[in-house]
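Here the structure is laid out as structure tokens; the discussion comes afterwards.
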Amino acid sequence: MLAILKAKSLGMNYGSGLIIKKRHSIFQDISLEIEEGRTLGLMGPSGVGKTTLGMILAGLERPSSGCVLYRGEDIWKLKGIDYLAYRRGVQMVFQDSEGSFNPRKSIEQSIHEVLRHMNIPRIEWKDKARQALEMVGLPEELLCRYPGQISGGQSQRAALSRVLLLNPKVIILDEPTSALDISVQAQILGLLKDLQKNLGLAYLLISHQPEVIDFMAHNKAILESGEIRHEIILPRNDSARPDPL
């Protein structure tokens with residue numbers, strides 16, 4: 001399979017101290033590949049840098065060493081239209097989906113912001129927003145609501161709908177179901193599988209739940225003590241519906 005996003009020898013250090021700076025290593029020499037249309041599961045104890053690694057791959061943080069390749073090109077050397085293609089092509093959905101929305105703006109207004117940045121004609125915004133919600137199984141009536149007025153599962157779906165407007169190739173999912181009830185978790189995982197099948201999406205799925213990783217991922221990587229090890233997940237029945245817990 002073709003790797004669409006690749007990490008090569010990534011290292012991340014943080015400094016602390018006002019006078020004498022001390023360097024703390026989060027992880028070193030991390031390499032992994034995310035293949036087109038497939039899911040790589042990333043596991044590990046809390047605080048080992050899983051979210052940081054995801055943010056580096058999404059271009060939201062810069063590593064201390066190593067590089068990230070998108071379609072074979074170093075993301076930090078991309079310019080112009082190539083950089084724009086990467087920024088749209090790799091998206092990240094966080095655990096706190098409600099926090100990713102402006103609480104003072106309705107779901108429709110938040111979606112319109114994305115459409116504005118994409119230079120979509122204003123006359124198309126209403127239809128595009130409705131179609132975005134429809135893609136993730138949400139009713140049009142939610143457009144007029146605010147983030148605090150919808151459930152956690154609806155908020156996660158709305159966050160996905162906004163990301164999907166950009167037509168991404170890779171979505172980095174940071175604990176997308178851990179804050180949800182068990183039944184809602186299963187629904188979200190089923191939706192993610194359907195979207196992957198229909199749109200050919202690649203996922204980096206960050207989770208502390210082995211059952212979720214084993215159900216969703218084709219391969220998994222375990223980040224622990226600053227190092228990573230890779231494991232192959234045995235083939236499973238992709239047509240089965242999720243029962244992660």
Side-chain angles (χ1 to χ4, degrees), residues 37 39 54 58 60 84-207 212 215-216 238-245:
T39 299
L60 303 176
L84 180 60
Y86 159 71
R87 291 298 296 161
R88 290 186 176 180
V90 180
Q91 294 293 312
M92 189 164 185
V93 175
F94 293 92
Q95 177 180 356
D96 179 18
S97 53
E98 182 182 337
S100 68
F101 289 96
N102 186 331
R104 297 183 178 181
K105 292 185 176 182
S106 67
I107 300 301
E108 184 173 32
Q109 289 173 322
S110 291
I111 291 176
H112 286 177
E113 281 189 347
V114 177
L115 296 172
R116 182 184 299 112
H117 287 300
M118 295 175 67
N119 295 318
I120 301 295
R122 183 181 291 268
I123 195 172
E124 299 180 22
W125 286 5
K126 191 170 186 64
D127 282 342
K128 293 285 187 183
R130 177 181 54 78
Q131 292 167 8
L133 290 195
E134 187 178 276
M135 185 177 294
V136 296
L138 290 176
E140 183 179 357
E141 64 187 47
L142 259 68
L143 287 172
C144 63
R145 297 188 189 177
Y146 288 79
Q149 297 176 323
I150 61 178
S151 69
Q154 290 172 331
S155 180
Q156 194 63 273
R157 288 175 184 262
L160 274 171
S161 75
R162 192 171 55 172
V163 161
L164 291 172
L165 286 169
L166 297 167
N167 190 29
K169 308 304 178 187
V170 181
I171 300 180
I172 297 168
L173 301 158
D174 186 13
E175 299 280 5
T177 62
S178 62
L180 305 176
D181 293 339
I182 293 175
S183 61
V184 180
Q185 285 190 33
Q187 294 170 13
I188 295 297
L189 294 178
L191 171 64
L192 290 170
K193 267 184 169 282
D194 290 341
L195 291 171
Q196 183 173 59
K197 180 180 179 180
N198 296 331
L199 302 177
L201 296 168
Y203 296 140
L204 173 66
L205 175 61
I206 301 171
S207 178
V212 170
F215 173 75
M216 286 291 298
D238 282 341
S239 63
R241 304 313 292 172
D243 184 16
L245 297 178

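The basis for the numbers below is simple: all heavy atoms, side chains too, and nothing from hydrogens, waters or symmetry mates.
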Inset, instruction - Mark yes or no: Lys193 above the aromatic ring of Phe215, with NZ or CZ under 6.0 Å from the six-membered ring centre and no more than 45 degrees from the axis. - result: yes
Inset, instruction - Show the numbers, then the answer: is there a side-chain contact (heavy atoms from CB on, under 4.5 Å) between Arg88 and Asn167? - result: CA-CA 7 Å; Arg88 290 186 176 180; Asn167 190 29; over 6 Å; no
Inset, instruction - Find out whether Ile206 and Leu173 are in side-chain contact, i.e. whether some heavy atom of one side chain is under 4.5 Å from a heavy atom of the other. - result: no
Legend entry - Close side-chain approach of Leu191 and Leu160, heavy atoms under 4.5 Å: yes
Inset, instruction - Please list all pairs passing the ring pair (Phe, Tyr, Trp, His ring centres under 6.0 Å) test where one or both residues lie in residues 94-120, with sequence neighbours left out. - result: His112-Trp125
Inset, instruction - Return each pair, listed once, that meets side-chain hydrogen bond (donor to acceptor under 3.5 Å, both in side chains) where at least one residue sits in residues 131-143; pairs must be two or more places apart or across chains. - result: Glu141-Arg145
Inset, instruction - Give the intermediate values and the outcome of side-chain contact (heavy atoms from CB on, under 4.5 Å) for residues Ile171 and Met92. - result: CA-CA 6 Å; Ile171 300 180; Met92 189 164 185; over 6 Å; no
Inset, instruction - Inspect the contact between Asp194 and Lys197 and indicate whether a charged nitrogen and a carboxylate oxygen are less than 4.0 angstrom apart. - result: no
Inset, instruction - Might you point out which heavy atoms bring Pro176 and Gln156 nearest each other, and give the distance in Å? - result: O-NE2, 2.7 Å
Inset, instruction - Using modelled atom types only, decide if a donor and an acceptor are shared between the side chain of Arg157 and the backbone of Val136 within a distance under 3.5 Å. - result: yes
Inset, instruction - Could you check if a side-chain atom of Ile120 sits within less than 4.5 angstrom of a side-chain atom of Val114, using non-hydrogen atoms only? - result: no
Legend entry - Check: Ile111 and Ser161 side chains under 4.5 Å, non-hydrogen atoms: yes
Inset, instruction - State, yes or no, whether a side-chain contact exists between Leu201 and Lys169 at a heavy-atom distance under 4.5 Å. - result: no
Inset, instruction - Please answer whether the main-chain N or O of Gln154 pairs with a side-chain N or O of Ser151 as donor and acceptor at a distance below 3.5 Å. - result: yes
Inset, instruction - Output the distance between atom CD1 (Ile150) and atom CD1 (Ile107), rounded to the nearest 0.5 Å. - result: 4.0 Å
Legend entry - Donor-acceptor under 3.5 Å (Gln185 side chain, Leu180 main chain): yes
Inset, instruction - Locate the shortest heavy-atom distance separating Gly153 from Ile188; write the atom from each residue and the value. - result: O-CD1, 3.9 Å
Legend entry - Step-by-step side-chain contact (heavy atoms from CB on, under 4.5 Å) determination, Val170 to Leu204: CA-CA 8 Å; Val170 181; Leu204 173 66; 5.5 Å; no
Inset, instruction - List for me each residue that meets side-chain hydrogen bond (donor to acceptor under 3.5 Å, both in side chains) alongside Arg116, sequence neighbours excluded, and say none if there are none. - result: none
Inset, instruction - State, to 0.1 Å, how close Leu205 and Met216 come at their nearest heavy-atom pair, and which atoms those are. - result: CD2-CB, 3.5 Å
Legend entry - For Asn102 against Ser110, the heavy-atom pair lying closest together: N-OG, 4.4 Å
